[in-house]
Every structure is written in structure tokens, then in C-alpha cells.
Amino acid sequence: MTKTMKSSLASARGVSRRAFVASAAAVGGGLAIGVDAAGLTKALAQKVLSSDVNEVGAWVVIKPNDEVIVRIARSEMGQGTLTGLAQLVCEELECDWSKVKAEYVTPGENLARKRVWGDMSTGGSRGIRTSHEYVRKGGAAARQMLLQAAADQWKVPVAELTVEKGIVSHAASNRKISYGKLASAASKLDVPADVKLKDPKDWKLIGQGVPRLDTVEKTVGKLVYSIDVKLPGLLNASIMDAPVFGARVVSYDEAKAKGMPGVRHVLKVGDTAVAVVADTWWQANEAVKALNIKWEEGANAKVSDESINAFLKDGLTATDGVFVGNKAGDADAALAGAAKRLEGTYFSPYQHHVCLEPMNCTALVTADKCEVWTGTQNGDATLAVAAEASGLPPSKCEVYKLHLGGGFGRRGFQDPVQKAVLLAKQIPGVPVKLVWSREEDMRQGRYRPVGLCKMEAGLDDKGDLVALKMRIAAPSILTYAAPSRLEPSGRDIAAFQGLNPTGPEGQFGYTVPNILVEHAMRNTHVPPGFWRGVNNNQNAIWLETFLDEVARAAGKDPLAFRRAMMANHPKHLAVLNAVAGKIGWDSPAPAGVTRGIAQHMGYGSYVAAAAEVRVSDRGKVKIERLVMATDCGYVVNPQQVTAQVEGSVAYGLGAMLYQEINVAAGRVVQENFDTYQMMLMEDFPKIETILAPSGGFWGGVGEPTICVAAPAVLNAIYAATGQPIRTLPLKNVKLQRA
Amino acid sequence: MAKLNINGKTVDIAASAETPLLWALREQAGLTGTKYGCGIAQCGACSVHINGEVQRSCSITVGALKATDKIVTIEGLSADGSHPVQKAWAALDVPQCGYCQSGQIMAATALLAKNPKPTDADIDQAMTNICRCGTYSRIRAAIGKAAADMASLPAAPGKAKKA
Ligand code: FES
Ligand code: FES
């Protein structure tokens, strides 16, 4: 296989079984996406995966100049997984980290090579925690092969060799050789089936806060996101799909759009959408605005916030479509016999992902080939959808993955890919880049589900919690997005995230003798989706803010009240104690400041937060300080974990403070940032992050802490006002200091 | 057809007068470092400098610009990523997904050009770009580092200016 850069599309297609490089490796390697004025006509050159002779096992390529290229199957969307995975491989490889680059493998290549790189999906904070073992083994296998190659060359036993930073040494004969000189011979050896991994105490690179491999391109505007893809002859498209989800197109003003500057095609996409294809995207989008599409909207056009709320409210008392997530003792009997009872009904609105890079996908379809360029959280699913939409077998399809301008769960859904392929198929041989306007992106989301939750608690005469009931009425994400993951009974296990009695994913952190947690599944026509943290968000807010109400009713300190129920949950308790200690829970808060605390477990990690807020006399909230703790078992790159913790705070608190998606006349109301406000620099609190890895397990870090930031802040506000906050976002709540 | 001065060069741009500068940069000039995020001057992903002022290029049309207006994009900030703000961004590993960062860097460089020692309040006021990944605390730290690094640099001849 040639190493030559391909600059014409024809030859690029010829090599497309080989991976397309779109990452750190690309900058040095020269992924030729120019910034010159030739612009649109400049070829998107595809670099062939480094030649096979230097592939040492599937995960590592070593060039004669000692450069190490680590293959990455998961997706980089800002969470640092690319760098973390490379660290895992290189820990075992014992190479020189300063010579390491990373490249994506393609889904087509993975398929052709019998999934040698495993699962490509990147969601549920799984990037590292579910692949750490086999990628480390990939590094260890490569090291073993390289050492064997040296032993063969020098005719000495492998056991006499040592390796450091990619240099193999034989002390007895005082010889040294670098990996680059061994790679070709090593690549011809069999990949060892069984390799031994290092003891975590011997790790040198894992646990180091090395800089990311993909930072510099992001500071000079050179990183190519899929919205930036350039191909010879590329046309640009904008689309409008039915604002009332599922409505069918009846008519549109084709002639008017066709007459506008630059417009080449006006095409229906499926039954529900119309796209305009033009020379430039701006022209295409202007023409979309002129389409005047009429839809047959049906009964869904009558759905509104009010009708959804009534539907959910019914779920709070219904007996049908109700699933149990956690049950112990007899909660109803214990409530009936309690010395003191408390209840409250909570509401959480629909949320939107709003990746800063709007949804987009470029597709090129011919009679016997479908190629797709996109940022995806699930390359395998992208390939499958490309195949289905094009009508070609997966072996004739290929996906070139690019870095994501934000994912947060949205880019696990393949609807933009499906639309782009259905569109491109109508113009065979012409590459089409379909970019959604921000308005389209907001209208066609996969929304974090709305939910109502009725909480009930019973205290005994000592003020201990003896009964807890939690009835959630909400849509089911799995029913819409992954029905195969529903249990045979129809139960959506994800509805109970963080509330399950056991399990490594997310475990309830309190011992309550009588408990009943139920989900009344109430599915609306609004498509729900996995949104950073998923149902942990609402579940943690509902539980943790209600517990503060109950603690107050019991006349107890919120921290002491929790601790009394956590003796059987030492890991949950350890992070809670860590934030309490750091914020100084036992000493008085500064004048005018109140504190709140919360804990949760999600995605295999234990997390807690403590907040200090100042609520002004006019009810304005300033978050002054936030202490966040996470125990994710092992930390691969501490400075990236810290970045993830801070990022999750911005995401979670933005939603808590400002964000809601409203539904009126069957459609989403908010269409841009003017009505869907983000957390900005001025709102962003000072964050102190505690990393408390206790070892022995691998938890996620992209999502868990999102669940505790909001309830800690809400509890701090409650401490100031004495008024429970049961409806979000906070902008709709009038606050008053007690 | 319009004549625009982009990154120090006057170029002919085959875009109509009503085309937003953002799209002329991305689609006609091929400068894709400037990003589209909202199109309505809300997010700042499209920030560029026009005559030294940071501006949201999605909301300025090509027709509103003269050939003498000096437009600088992220690609023109330095030839090789060596602007002190870019270096501070890399040193502190600011970007997560990176999509907002061209705009953040353009806003930060414009701030520091006017105010070499910004306070936290100055930063809050000047840095109104959205970062959906939540890199705000590192952006703040990187502005501080860039300010310190720039203060210790010898002033470029003819550019020295007291704050
Ligand atoms: S794209 Fe211009 S401000 Fe968002
Ligand atoms: S780094 Fe992703 S939006 Fe700022």
C-alpha cells in the first residue's frame, strides 16, 4: 500500500478502504485541507494509513524515524479520550511520548478487519473505562513483538533486554536499537495472544497530566471539523424538516427557491423534509427560508407544554405502564405509620444538547460506493445508517471520522447522516455537505426528557428516614433510541440511573429500610435522547434536593442527615466527606453566604459537590464557590479529568439556571441562543476539583459530576431562602431570602 | 464581487453584497478557522478583528465593508501559532472540543490589545463568547498568562503604547 498523499478524488476513493486520518497525526502528516483562497476546489487529500510493514499489532504503527502512531477507535469530542487512550497504549508500549501521534481508524476498516479495534461508540462516559484493558494489551503486545525482533536480530534471549522510551538495550553486549529500526521485522511476527499488563503501581504515563495531542491545531484554526470538509466539486445544502415531529411534506415553493442565486437543486428528503443544494451554504440556507413548506401535521400539532404536563401528571398516580426500579420493605405501610410525612412534586423540562458545531454531514454516493465524512459518537452506527440509506452493503460504504465540535450524546444519533445520504443519493457522484442551521439544529434535537417526580418521605420520632417513595413520570429514552436495550417487560433501566439498588453503573447511596422507586413511562411525540449525564441529571436533583427538605423537617444538618444513611456506602461517603471537608462545612460560611451539598454515583464513578452561594435581597443568585470530588477508580490524565469536571459544571448549571425547551403547537419553541441561554464567563463559579481515585475500578469522568453540581447549588439556595425549588429552570422561580 | 483586505492581503471575493462576512470567509476565502455557531451574533464563534476591533462576522455583510477595512481571522493572527495568546492557550490546554476557541482567542487578543492587564471584571465583560464545553476557567487563566507573557516581552518598535 502506498504512502503517497492522494489529492484527486478518484485516487482518494481508491484508497478509501484505508483509514482517513483526521487527527493529531494529520497536522504533521499533512492532511491537506487548505486555508488558501482556492478553498472549495482544493482536494481533501486522504492519507493512507501508514504502510502495513510498520504496523506492530493492530493498535500501533511505528515509523522508521521512531514516530509512534496510536490507532484510536473512539471519538474525540472535547473530552480528551484521544489523548487518554494513547496514554494507555503507550504505558505498555514503553515508547517516547514526545514522538506519539494518534489517528482514527475507520468503521469500514474495522468491519473489514473483523472488528479488531472493538466497539467504536463513544457515549455513557465509556471511552476509556470499557476499552482500557484491550488497548493496554495492544500496547503490551507491540512491545513484546519489538523486543522479540531485537532478540532475533542480536541472537540473545528476550529476557536479557530492557526498553526505555522506545530504545531497546542489551546491557551485556552494550547494544542499543530504537523501535523505528525494529518495526518492520516486528510487524512480521505473530501478535502474541496473551500478554501481561503492568501492575498499576508501576505506571509511569497513566496518571500524568500530559498535554493533549490535539491542542495546537485548535488554537490556530486548523483543526478540521466535519463542517469544514472540502472536496472537489462539493455542493452545499441546507434543510428544513417538519417542525412538528413526523409531519409529512404536502407542498413547497420549488420555483422560488430554484430562482435564487447559486441554487442547483431543490429536493425532498424522505417524506418529512426539503433540502436546497447550492454553490455555497449561505445561498442554500437563504433559499430554504423561501421554500414556504406546508406539512400535514396531524394530531401532534395540538401537543403543548400543558398537554404534556397533564399527561405526566396522570402518570404520578396511574397504575398502568409503571415499572419498579428499587424496592425494599414496605414503603406505603412505613409512610402510613411515620411520625412525620413530607411530599413534593418536582418538574424538569426538556433540554437541548446545542453542540456548538451544528449537526452536519458530507456524503458522496455513486452506484457502488457510499462515503460519509462526519463527526460521530458512534462510527459503527454511522456506517450502518450510511448503508441503509444508500441501499448499498456496508462493505461498499465508508465513514471518515472527524473531531466533533461537541457531542454530549447528540452525535450518537445518526439522523444527520441519514439525511445527508438520502440527499446525496439523488445527485450521484456529487459530494454534498449538509449543514443544519442553528434553528434547524434546535428544532430537530433529541431532547433530554421532560419529567415530573413525586417524592414522599416518612420520618420516625427520632427524625430518621424510614420511608422513601419516588414516582417518576417521564418519557423513556431507550424506547425511542435503543428499544433493543429495553428489558423484556418493557422496563427502561436507564430511567433509574443512580437510583438502582446495586450495580456498577450507578448505585443508590443511602440505606433506607422502606423504599419504592417507580417509573411511569409516558412517551410523547418529542424525540428524547441521551444528554450528558442522561437521567442521572433529574434523578440526582430530585433526590438530593428533596433530602435537604426532609433533613430540615427532621431538624437535622443536611450532611449529618445523609451520613447517617451511608454506613453501607463507603465510597459514596468518602467523596461526600471530601467536599464537606474542603468547603469547611463544620465552620461558619462567610457572611451572606449559604452552603449546599450533594452526592451521586453514575457511570461507575462516585461524585459529590459542595456549593457556596450568595442570594441577594432581590433574589439574585451568585455562585461563589463549588467544590467537586470524583472517585473514578483510576485517573489516566488528571488535568483532563479536571477539565471534564469543570465542563460538566457549565453544562449542568446552564441547564439548571436558564435552559428549557418548550413545546407549543407540537413544535419546539426555542430556536437559537437568544432564547436558550448558555452559561457564560461571568456566571462561571470558581471550581475546586478533588480527584480521589481509590483504585481497583474504572469509572467514567465526562458525565458523573454533572449530576451533583446543580443539586448542591439548589440546596445552598434553599439554605438561604427556606423555599424548596421544585421547578426548573431557576430563571422561572422567584427567590426571596428568608 | 467584492474586494476585501483579509489577513494583510487584498483579495477578490465572489460573494454578493448581502453575504455575511462569516460565509465569505469560510466559503469564498476558504478560511474555515472562523466558525458558524448561531448566525445571530449570540455565540461569538465567528469572531474576527476588523480594524483591530473584535466583531461577530456572521452579522456583518460583505457590502458593509470597504477594501481598506483590515480583517484579521484566526489564521492571520500569527503565521505559526506563536501569538502569546495562542501560546498561552496551548500551554494551559484550554480547548476541549475546540470549536469555540478561534472566536475566544480573537476576543482575548482584542481585549489584551486594548487592556494589557485586565481584571476579572474586565474579562467577564469582554469575554462573552459561548463555550458549550465549559472551558471558562482555563480561558481566564490563559488570558492572565498571556497578559503576563506579553508584559515581559520587549515592546515592538512603533507599537509601544502605555495602557
Ligand atoms: S455565529 Fe456569529 S455570533 Fe454565533
Ligand atoms: S471548547 Fe467546545 S465549545 Fe468551547
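Scope of the values below: all heavy atoms of this structure, side chains included, with no hydrogens, waters or symmetry mates. Computed from a prediction, not measured in an experiment: that's the story for all the values here. In the text below, chain A, chain B and the rest are named by the order of the sequence lines, each starting its count at 1.
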Pick whichever of [options] has the most heavy-atom pairs under 4.5 Å with chain B.
options: V216(A), D683(A), V354(A); answer: V354(A)
options: A643(A), G406(A), P261(A), G80(A); answer: A643(A)
options: V435(A), V649(A), N672(A), D441(A); answer: N672(A)
options: G407(A), G654(A), P211(A), A650(A); answer: P211(A)

Under 4.5 Å from any heavy atom of chain A, what part of [X] do you find: side chain, backbone, both or neither?
X: I130(B); value: both
X: D120(B); value: neither
X: T34(B); value: neither
X: S137(B); value: both

Q: Taking atom CD of E18(B) as the centre, report whether more than 12 heavy atoms of other residues, nucleotides or ligands fall under 6.0 Å from it.
A: yes
Q) Any side-chain heavy-atom pair from W282(A) and S16(B) closer than 4.5 angstrom? A) yes
Nearest-0.5 Å distance that lies between atom [atom1] in [X] and atom [atom2] in [Y]:
X: I227(A); Y: R26(B); atom1: CD1; atom2: CZ; result: 5.0 Å
X: R438(A); Y: I40(B); atom1: CZ; atom2: CD1; result: 10.0 Å
X: Q96(B); Y: K218(A); atom1: CD; atom2: NZ; result: 8.5 Å
X: E357(A); Y: C100(B); atom1: CD; atom2: SG; result: 12.5 Å
X: Q101(B); Y: L223(A); atom1: CD; atom2: CG; result: 11.5 Å
X: R132(B); Y: L356(A); atom1: CZ; atom2: CG; result: 9.0 Å

Give the minimum heavy-atom separation between [X] and [Y], together with the two atoms involved.
X: F673(A); Y: G37(B); value: CE1-O, 3.7 Å
X: Y99(B); Y: G405(A); value: CB-CA, 3.9 Å
X: G221(A); Y: S102(B); value: CA-OG, 3.8 Å
X: A90(B); Y: T219(A); value: N-CG2, 4.1 Å

**Q.** Greatest number of heavy atom pairs closer than 4.5 Å to chain A - which of I6(B), T19(B), I105(B), T73(B)
**A.** T19(B)
Q | Contact leader toward chain A among K9(B), K35(B), M127(B), where contacts are heavy-atom pairs under 4.5 Å | A | K35(B)
Where does [X] contact chain B at under 4.5 Å (heavy atoms): side chain, backbone, both or neither?
X: L404(A); answer: backbone
X: V645(A); answer: neither
X: L653(A); answer: neither
X: M77(A); answer: backbone
X: Q639(A); answer: both

Q. So which pairs with a foot in residues 84-113 of chain B pass salt bridge (Lys or Arg N to Asp or Glu O under 4.0 Å), sequence neighbours left out?
A. none
Q. Which of parallel (below 30°), tilted (30 to 60°) and perpendicular (above 60°) describes W281(A) and Y36(B)?
A. tilted
